[in-house]
Amino acid sequence: MIVPVFSYLLLACSGSPAPAKDTINEGKPIVFSSLKSSEKTYYANAIKPLYEKQLVKTGFNGAILVAKNGEVVFEDYRGMINFATKEPITPSSTFHVASISKTFTAMTLLRLMEQGRVELDDPVEQYLPSFPYKGITLQLLLSHRSGLPKYDQLMAGTRSYTTRKKNRRGKWVKQTVYVKDPVSVTGLSTNQDVLRFLAGTRPAPESQPNRRYSYNNTNFALLALVIEKITGQTFPQYMKDSVFTPLGMKDTYVFSMKDTGNYIPSYTPGKKPYPLEKLDCVYGDKNVYSTVRDLLAWDKALYQGEFVSMATQELAYEPLSNETRGKKNYGLGWHLYVDPPNPTIVYHNGWWHGNNAVFRRIIGDTATIIILGNKFNSNIWHAGKMSSVFTDSEVPDMEEE
């Protein structure tokens, strides 16, 4: 059902509210101005037909929330969180937000930087001594410029990988190595297994450090281990104690080995459930479970500088991959769509099994679109184009890398 918040009323004379400038409030925390009822109604009436066309008519099973100035202007919940029990989706239903998890990992590491506990140019091996690659800093992990091999490709049942080895003449040559994947006694891999795999088999990197951007889950699985090393707590516990609970995100948690007994599957478009699989307990790159309302709390905390400073956010939203032309870029844990004079869109999508998600923030206009689904539907990514309601311009699709 659509949450009934507004009655039909068009903005008189003024049309749509004017988009704001592309800035993060000149480095100052944002104090939201309250929306007029006419503004709320305008946004609700503009979003509803797009939602009906792009999601409802394509079998959407999930939750959507659209906010402006921290206020909900559209919200809806459709379908079931568990097809076996027929439990309906409600505001407290948690979804695996997949790679949106990277935004939490990144900003948590940046918060530790603000506290003086870590530097972005620290080498990874300073925190993870068995890490076998040199010249890779924490910033290169955050920006996907490390050049590391992709653990999720090499450890997902693959029994071979390509590496380099010196031959008898001292020349480096490619070599195919066959291995049995290192897994825990339960058959599920953890972040420590990822590190052991890299240290024990040392698969060839994709490129030299900082040579190019390449989206890579390995980077953020390692960052979770770095956070554990710095804080002395497990990543799930630290995130609960220092991020989710202080921000009032009561339905948000990091899924780990201890949660496997309560696993609720996601689904294929044909409603076939995904079983718990080998890499489902690796976190940092994924495995945050949350709700649209909790993600709005995360969004507001960022706008208002409650978790990290606005200056640190400026750092996170700086485009760092400029070796190829285009409007899409990446900062520190965030995708960026830079198209002056339109407001920069700071976003992250997600995809894991049947879950796919959108977290799109038009920071110059303090507007946010959050869409979470547990029955795979690529239209969820396309529906992120609803941001044109705020930017007054056509915004392209931004699918998960």
Donor-acceptor contact present, side-chain Thr58 to main-chain Leu55, <3.5 Å: yes
Nearest atoms (heavy-atom pairs only) where Ala224 meets Gly284: CB-CA, 3.9 Å
Between Thr291 and Asp251: side-chain donor-acceptor atoms closer than 3.5 Å: no
Check: Lys229 side chain, Leu128 main-chain N or O, donor-acceptor pair, under 3.5 Å: no
Charged N-O contact under 4.0 Å between Asp280 and Lys286: no
Under the side chain to side chain contact (heavy atoms under 4.5 Å, CB included) test, residues paired with Lys150 that sit two or more places apart: Asp152, Gln153, Glu206, Ser214, Asn216
Intermediate values then yes/no, side-chain contact (heavy atoms from CB on, under 4.5 Å), Leu65 and Arg293: CA-CA 7 Å; Leu65 186 153; Arg293 290 184 179 180; 4.0 Å; yes
Partner residues of Trp334 under the side chain to side chain donor-acceptor pair (under 3.5 Å) criterion, sequence neighbours left out: none
Donor-acceptor pair, side chain of Arg202 and main chain of Pro132, under 3.5 angstrom: yes
Residue pair Asn61 / Asn374, side-chain donor-acceptor N/O under 3.5 Å: yes
From CG (Leu142) to CG (Leu223), nearest 0.5 Å: 5.0 Å
Expected output: side-chain Asp259 to main-chain Ser256 donor-acceptor under 3.5 Å: yes
Any donor-acceptor N/O pair, Thr344 side chain to Val338 backbone, under 3.5 Å: no
Geometric class of the Trp351/Phe376 ring pair [parallel <30°, tilted 30-60°, perpendicular >60°]: tilted
Leu138 vs Val124, side-chain contact (heavy atoms from CB on, under 4.5 Å): CA-CA, chis, key distance, verdict: CA-CA 6 Å; Leu138 300 183; Val124 176; 4.3 Å; yes
Parallel, tilted or perpendicular, as decided by the 30° and 60° cut-offs, for the rings of Tyr330 and His348: perpendicular
Separation between NE2 of His96 and OH of Tyr263, rounded to the nearest 0.5 Å: 8.0 Å
Heavy-atom donor-acceptor pair, Ser290 side chain to Asp294 backbone, under 3.5 Å: no
Donor-acceptor pair between Asn287 and Ser101 side chains, under 3.5 angstrom: no
Distance (rounded to the nearest 0.5 Å) between Leu120 CG and Leu109 CG: 7.0 Å
Parallel, tilted or perpendicular: rings of Trp298 and Phe307 (30°, 60°): perpendicular
Full working for ring pair (Phe, Tyr, Trp, His ring centres under 6.0 Å) between Tyr151 and Phe197: CA-CA 8 Å; Tyr151 86 86; Phe197 177 81; 8.9 Å; no
Side chain to side chain contact (heavy atoms under 4.5 Å, CB included) involving Pro209 - partner list, sequence neighbours excluded: Ile136, Leu140
side-chain hydrogen bond (donor to acceptor under 3.5 Å, both in side chains) partner of Tyr215, chosen from Lys102, His335, His144: Lys102
Short side-chain to backbone donor-acceptor contact, Lys68 and Asp365, under 3.5 Å: yes
CZ (Arg117) with more than 12 external heavy atoms under 6.0 Å: yes
N/O donor-acceptor pair under 3.5 Å between Asp285 side chain and Ala221 backbone: no
Stepwise ring pair (Phe, Tyr, Trp, His ring centres under 6.0 Å) test for Phe255 and Tyr253: CA-CA 6 Å; Phe255 185 91; Tyr253 64 97; 7.1 Å; no
From Thr366 atom OG1 to Arg361 atom CZ, the distance as rounded to the nearest 0.5 Å: 10.0 Å
Steps toward side-chain contact (heavy atoms from CB on, under 4.5 Å) verdict (Gln313, Met107): CA-CA 8 Å; Gln313 290 183 61; Met107 302 311 264; 3.8 Å; yes
Heavy-atom check, side chain of Tyr347 versus side chain of Ile369, under 4.5 Å: no
Short side-chain to backbone donor-acceptor contact, Thr137 and Asp121, under 3.5 Å: no
Under 3.5 Å donor-acceptor, Thr245 side chain and Asp241 backbone: no
